[in-house]
Amino acid sequence: MSDFNELIAKVKDANNILEFNEMQILALKEEYCDSNLIIASPTSSGKTLVAEIYLLYTILIKHKRAIFISPLKALTSEHYNSFKKKYESFGLKIGISTGDLDSSSKYLENYQIIFLTFEKLDSLIRHRASWLHTLGLLVIDEIHNIDSDRGATLETTVVELKQILPSMRIIGLSATIPNASQLASWINGKLIYSEYRPVKLKKGILFENKIKFDDNTIEYIQTKNNSIEDIVIDTLEKRKQALVFTNTRKNSEGLAKKLQNITKNYLDEKEKKIIAKAIDDIDYLLTTDYDKDVANNLLQGASFHHAGLRDSLRNKTEELFKQGALKILVSTPTLAAGVNLPAYRVIIHTVHRHTANGMLPIPVKEYVQMSGRAGRQGYDTIGESILIAKDDLEEENLFEKYVYALPEDVESQLGYVPVLRTQLLSIIANEIVFNDESLEKFFNETFYAIRFGDINSLMQKIETLLRELINSGFVKIDKGVIKATEIGKRISELYIDPLSAYNIIEKIKNQDDLTNKEFLMIVVNTIELKPYFMPGKNRVQQLEEQLQDEYKDLGINTNELWDDHEIIEKYYTMTILNDWISEVSEQDLLNNYDILPGTLHNKLYNTSWICYAIGEIAKVLDKTIVHKQAILMEKRIKQGVKEELLLLTELPNIGRARARKLYQNHYRTVSDVKSADPQILINILGLKIAQKLLEHLKVEFDINTIFIKQESTEEHKILKKDESKATKKITKKKIKTEAKLQKSLFEY
DNA sequence: ACGGCGATGTCCGACAGGCAGCCTG
DNA sequence: GTCGGACATCGCCGT
């Protein structure tokens, strides 16, 4: 038996399968072991398994390193976990690195296979990770993402890697797109195309009481209310779940609430318990009214999903839907491209979405993407994707425009200037490109070149951008050689847009010291902080007046004040960030600015990253004070605290709220806390947290001597089960500690 | 006849999502 | 394209 066949046998075993499906048979051939491939087939057709086999082949048989990249952090870790679970017994060293998940970057070289996001791979190349040179295979998950606003990043990353490592294999996994063959010719690979689905997908349109499907079958449903409610009742009567796609957050919330009148009658006791337990598990994280509202929605069996939810609730929602306890999930497009969360029925509530050009019909590929979520493998033999029509004209129209329509060709987005600018600096800093000839050579290798035939208009853009980079001081031409300057190299590593970097430098180069608001205005004045928080229209005038009074103190000059059409949004966003580090409560922030927890925390995440970048730029410019300020600001943004609490928030489980409590009780440093009376710490923080904290600080204490303050009364409870024994011990202590206790109670 | 308050009508505004640094368990 | 909040108007009721 050949190595390849032996491997296949092992993999089948690890996956607990006997035979491959028709797509996998097509894609898995020994002769493909050295070629590049594009595998275009529907979601859940088992592409991942094919990729896994070639990954294992590379590692175990070719003894080379392999990388798997995907567009989302969540997808990356999903693939990582599943791979690890299945093949850890093969004796592999498996690593992952995404923006906030890291197997420890320095040691990535110790891994044989590494799971990354697109951008993380790009970033590693920018940092010239030396282990990249032993790379044998790159698997690109969802390669059709080349046609997205992040597509230019992927496109240049691939070309760059191809130039550094001409012998590296590439396998791209794609949706079934019409021009998959162009992707294949781009990577010099073979195209494996298959429409195979393990669960059959029926695409249909609901009008009145009929669902007409693309396979010419018709399904009748009971009509009582409006279409969406009828179809939901029908789904629940069949003991199935539905995933409903809407076009706005508000709509998803409104619809979920409406559908709860139905779902709550279909929840059995067991399901109610599962949901209640799940919520209880994360109860301590549900700090705002909005969180509590989300939790209440979950309890009704129908809920909503969008990026305004905090991570913990998003994850719980997904989990409950997977478990089947949550019957109906109404989602914005998050779930169309995100983790795989299948349901028997996918209901697409509307095909219109608001864009910069007004309300427009969504592209067919998005319809395909959403439809692909229909049908749960292992539970259903078919899945249904359903559009809703108001009249027969619309019905006809939807059939033509969506059900029977081919998705659009995948297009190159390399011409998208902000990303092109960033990537151009990167390839110059990496010395991949150093003169006109190498520039042309590089861009002739792109997917853009295949799509457009020539790169003339692209090269014109590049010329302009190159001049821009030179004027900004990030690139210089030295004896005919294009080179990145020191600062240019650092900007490339920091992974920020050169334009943002330029704005930052302009602001700090003549400044030795910044106020908090000045600093935050610089943060906000970057592309990475977009989209800004938008003030309501009724608020704009007041903000304009405020800004008039304050702009000089914010480091804004009069030109910016008058010419920057986004100045109000920037100012507004800065104000929110400033409130956050001034310890305005999360609830107040959400209320005052009409924002949602998830939105706030995403913005804070970006903010802290940019703070770091500003600090690093300041370092290169020898702006020592600004550098220090940046470090402080980054910490304050992460914690949401005033500077005085930063010593305390170093402690585990001590965030903004607990740190403030400790501070009010005159504990201001770690050593203050360490030398504190355990009893008082418990009074301030509660038993669990205090216990963990004391353990962390390695403070010994006798639990028998501890009183626990009861919620509503002034009574004290003995922790120890064995009361009689404990009571005796405590009576004496009680008198001693009473005084302290009174004092500390008084103080918080 | 007047004023207060809730019900109904009208107008206008707002509208998806998500990656990247570094560090340290 | 459509939902919903803000505001205006209308109508009922009590005084």
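Below, all heavy atoms of this structure are taken into account, side chains as well, without hydrogens, waters or symmetry copies. Residue numbering restarts at 1 for every chain, and letters A, B, ... go by the order of the sequence lines.
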Practice task
Looking at every strand, decide which applies to A:Leu72 at a 4.0 Å heavy-atom threshold: base, sugar-phosphate, or nothing.
Solution key: sugar-phosphate
Handout entry: Cation-pi geometry met for A:Lys603 and A:Phe533 (6.0 Å, 45°)
Key = yes
Exercise for the section: With A:Pro71 as reference, evaluate A:Asn145, A:Ile143, A:Thr117 under the side-chain contact (heavy atoms from CB on, under 4.5 Å) test and give the passing residue. Expected result: A:Asn145
Problem - Carboxylate-amine/guanidinium proximity below 4.0 Å for A:Arg490 and A:Glu493 - result: yes
Fill in the blank from the handout: Applying ring pair (Phe, Tyr, Trp, His ring centres under 6.0 Å) to A:Phe68 and not counting sequence neighbours gives A:His79, A:Phe115
Check: protein-nucleotides 1-9 of chain C nitrogen or oxygen pairs below 3.5 Å:
none

Practice task
Please name all residues satisfying ring pair (Phe, Tyr, Trp, His ring centres under 6.0 Å) with A:Tyr290, sequence neighbours left out, ordered by chain then number.
Solution key: none
Practice task
Determine the contact category for A:Glu253: base if any of its heavy atoms lies under 4.0 Å from a base atom, sugar-phosphate if only primed atoms, P, OP1 or OP2 are that close, otherwise nothing.
Solution key: nothing
Practice task
Pull out every stem in DNA chain B, meaning runs of 3 or more consecutive Watson-Crick or G-U wobble pairs with both distances under 3.5 Å.
Solution key: B:1-15 with C:1-15
Problem - B:dG18 and C:dG1, which share atom name P, separated by this distance in whole Å - result: 27 Å
Exercise for the section: Can you figure out which of B:dG17, B:dA20, B:dC22 approaches the side chain of A:Arg490 most closely? Expected result: B:dC22
Practice task
Tell me, please, which residues at least two apart from A:Arg373 pass salt bridge (Lys or Arg N to Asp or Glu O under 4.0 Å).
Solution key: none
Problem - Geometric cation-pi criterion A:Arg126 and A:Tyr495, 6.0 Å radius, 45° cone - result: yes
Practice task
May I ask you to say what A:Arg539 touches in the nucleic acid, namely base, sugar-phosphate or nothing, with a heavy-atom cut-off under 4.0 Å?
Solution key: nothing
Fill in the blank from the handout: With the side chain defined as heavy atoms from C-beta on, A:Glu119 is closest, among B:dA20, B:dA16, B:dG13, to B:dA20
Handout entry: Sugar-phosphate, base or nothing in reach of A:Pro531, heavy atoms under 4.0 Å
Key = base
Practice task
Would you kindly give the CG-to-P distance between A:Leu75 and B:dG18, to the nearest whole Å?
Solution key: 11 Å
Practice task
Locate the shortest heavy-atom distance separating A:Ser500 from A:Glu528; write the atom from each residue and the value.
Solution key: OG-OE1, 2.6 Å
Exercise for the section: Run the salt-bridge test on A:Glu486 and A:Lys489 with the 4.0 Å N-O cut-off and return the result as yes or no. Expected result: yes
Exercise for the section: Consider the side chain of A:Ser123, meaning its heavy atoms from C-beta on, and name the nucleotide among B:dG21, B:dC19, B:dG17 that approaches it most closely. Expected result: B:dG21
Practice task
Please determine, for the side chain of A:Glu634, which listed nucleotide (B:dG21, B:dA20, B:dA16) has the closest atom?
Solution key: B:dG21
Exercise for the section: Remember a base hit wins even if backbone is also touched, and classify A:Gly536 as base, sugar-phosphate or nothing at under 4.0 Å, heavy atoms. Expected result: sugar-phosphate
Practice task
Could you tell me whether A:Arg636 sits above the aromatic face of A:Trp580, with NZ or CZ closer than 6.0 angstrom to the six-membered ring centre and within 45 degrees of the axis?
Solution key: no
Practice task
With a 4.0 Å heavy-atom cut-off, tell me which residues in residues 608-617 of chain A come close to DNA chain B, sorted by residue number.
Solution key: A:Ser608, A:Trp609, A:Tyr612
Exercise for the section: Provide, to the nearest angstrom, the distance between the CG atom belonging to A:Leu529 and the P atom belonging to B:dG17. Expected result: 18 Å
Exercise for the section: On the 0 to 90° scale, with breaks at 30° and 60°, tag the A:Tyr367-A:Tyr402 ring pair as parallel, tilted or perpendicular. Expected result: tilted
Practice task
Under 4.0 Å between any heavy atoms, over every strand shown, what does A:Lys638 touch: base, sugar-phosphate, or nothing? Just pick one.
Solution key: base
Practice task
Could you verify whether a donor N or O on one side chain and an acceptor N or O on the other, from A:Thr98 and A:Thr76, lie under 3.5 Å apart?
Solution key: no
